[in-house]
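Both ligands and their constituent atoms are indexed starting at 1 by order of listing.
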Amino acid sequence: MTSPSRQLAKDGAKALPFLPVYRPDLSGNERDYVLRCLDTTWVSSKGEFINRFEDEFAKYIGAKNSTSVCNGTVALHLALAALGIGPGDEVIVPTLTYIASVNTVLQTGATPVFVDAGEVDWQMSVDGVRQKLTRHTKAVMAVHLYGLPCAMDELTELCASNGVYLIEDCAEAIGTLYRDRHVGTFGDFATFSFFGNKTITTGEGGMVVARTPELLERAYHLKTQGVSREREYWHDTIAYNYRMTNICAAIGLAQLERVEEILERKRVVAKFYRDRLDGLPLTFHDELPATRHGFWMCSIALDDETNRDPLRAFLREQGIETRPVFHPAHRLPHCEHLARGERFPVAESISSRGINLPSFPGLRTEDTYRVCAAIRRFFK
Ligand SMILES: *Cc1c(COP(=O)(O)O)cnc(C)c1O
């Protein structure tokens with residue numbers, strides 16, 4: 001997200017505006033809908049926008065059962081909890097992911113089992129998943145990293161034939177298609193995040209999508225303190241308050257009205273990067289056949305990892321913010337022991353060479369041009 005102070009870049013004599021990696025576009029009905037919450041006093045987790053946002057969201061991705069939550073991390077925890085995953089269970093996760101995918105498994109008491117990434121798509125390797133299946137495997141968590149989908153035909157088939165649950169972490173992948181079908185409609189559960197830098201935002205927020213009404217009911221029960229639908233203040237289990245507020249849902253509904261427009265603008269940005277960076281010693285994290293890349297982040301991997309930090313420093317000097325690709329989870333202090341000494345060479349390589357470029361929908365052509373020109377100057 002953008003820093004509130006509009007930092008100015010020193011680029012010769014001319015000061016150019018700071019380009020953040022992300023800045024949400026709230027120029028639709030967000031303001032009107034939020035004011036309606038304030039005017040009607042429906043500011044908490046009841047109100048018209050909650051149901052409307054949940055229904056419209058499900059309709060958009062082509063699902064039937066969805067419930068909103070207060071962030072994408074608790075969405076994952078709720079899905080795992082609703083499936084009854086806990087101590088003694090193994091959940092197969094990619095090591096190249098945002099930490100929430102791994103931490104939520106740890107929070108249930110289950111064991112995350114890591115899988116390496118694919119060189120081209122950066123997604124969890126299906127062969128890797130196959131090799132990690134044991135009689136303790138309870139679920140596979142497919143994370144659609146940076147907006148490209150995992151190999152869902154292979155993963156759904158593998159999970160079905162082995163009797164393990166499939167959870168999709170779609171935090172980075174609203175609008176991502178796999179064979180013309182939205183991600184989030186393949187798993188027993190799917191989760192989304194609406195953090196400020198995600199493709200659509202509610203400030204903080206998330207969504208849980210379930211394959212069946214029964215699974216949704218279990219998630220809803222755990223989300224709402226385990227309270228009975230019939231009897232007031234009657235709670236029958238240890239549960240959580242993971243509810244979204246009406247104000248967040250109001251922002252979400254307004255964002256959802258423009259999601260295809262936002263995605264289209266991100267595609268234009270991605271195409272510009274792809275074309276203008278062609279021929280440099282780097283690879284653009286591009287769309288693959290039979291997919292629609294959501295381009296949550298426009299990412300590149302440099303051929304030579306020793307250029308990565310110098311390029312980022314060079315861009316920062318010109319007022320261009322970038323992010324490094326995530327550290328593989330097995331390299332983080334509290335997860336290292338889970339890898340039991342195993343190496344994940346592809347994830348490690350992508351992580352050491354990868355950069356997320358400014359990727360927000362409001363990026364203008366001249367901004368994208370400026371980023372590409374700076375990268376070209378670096379390689380001269
Ligand atoms: C952002 C993200 C999450 C967590 O979402 P929050 O809303 O920030 O809690 C989970 N998984 C992945 C892959 C993410 O990128």
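Using a 4.5 Å cut-off on side-chain heavy atoms (C-beta onward), Phe53 and Met207 make contact.
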May I have the N/O to N/O pairs between ligand 1 and the protein that fall below 3.5 Å, each with atom names and distance to one decimal?
| residue | atom | partner | partner atom | Å |
| --- | --- | --- | --- | --- |
| ligand 1 | 5 (O) | Ser193 | OG | 3.2 |
| ligand 1 | 7 (O) | Gly72 | N | 2.8 |
| ligand 1 | 7 (O) | Ser193 | OG | 2.7 |
| ligand 1 | 9 (O) | Asn71 | OD1 | 3.4 |
| ligand 1 | 9 (O) | Gly72 | N | 3.3 |
| ligand 1 | 9 (O) | Thr73 | N | 2.9 |
| ligand 1 | 9 (O) | Thr73 | OG1 | 2.5 |
| ligand 1 | 11 (N) | Asp169 | OD1 | 3.4 |
| ligand 1 | 11 (N) | Asp169 | OD2 | 2.7 |
| ligand 1 | 15 (O) | Glu172 | OE2 | 2.5 |
| ligand 1 | 15 (O) | Lys198 | NZ | 3.1 |

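Without hydrogens or angle criteria, Arg312 side chain to Thr322 main chain gives a donor-acceptor distance under 3.5 Å. Using a distance-only test at 3.5 Å, with no hydrogens or angles considered, a donor-acceptor pair links the side chain of Glu54 to the main chain of Ser68.
Residues Asp127 and Ser125 bring no donor and acceptor atom of their side chains to less than 3.5 Å of each other. Residues His144 and Glu168 have side chains that bring a donor and an acceptor to within less than 3.5 angstrom of each other.
Ionic pairing of Arg364 and Asp367 is present here: one or more N-O contacts between side-chain nitrogen and carboxylate oxygen are shorter than 4.0 angstrom.
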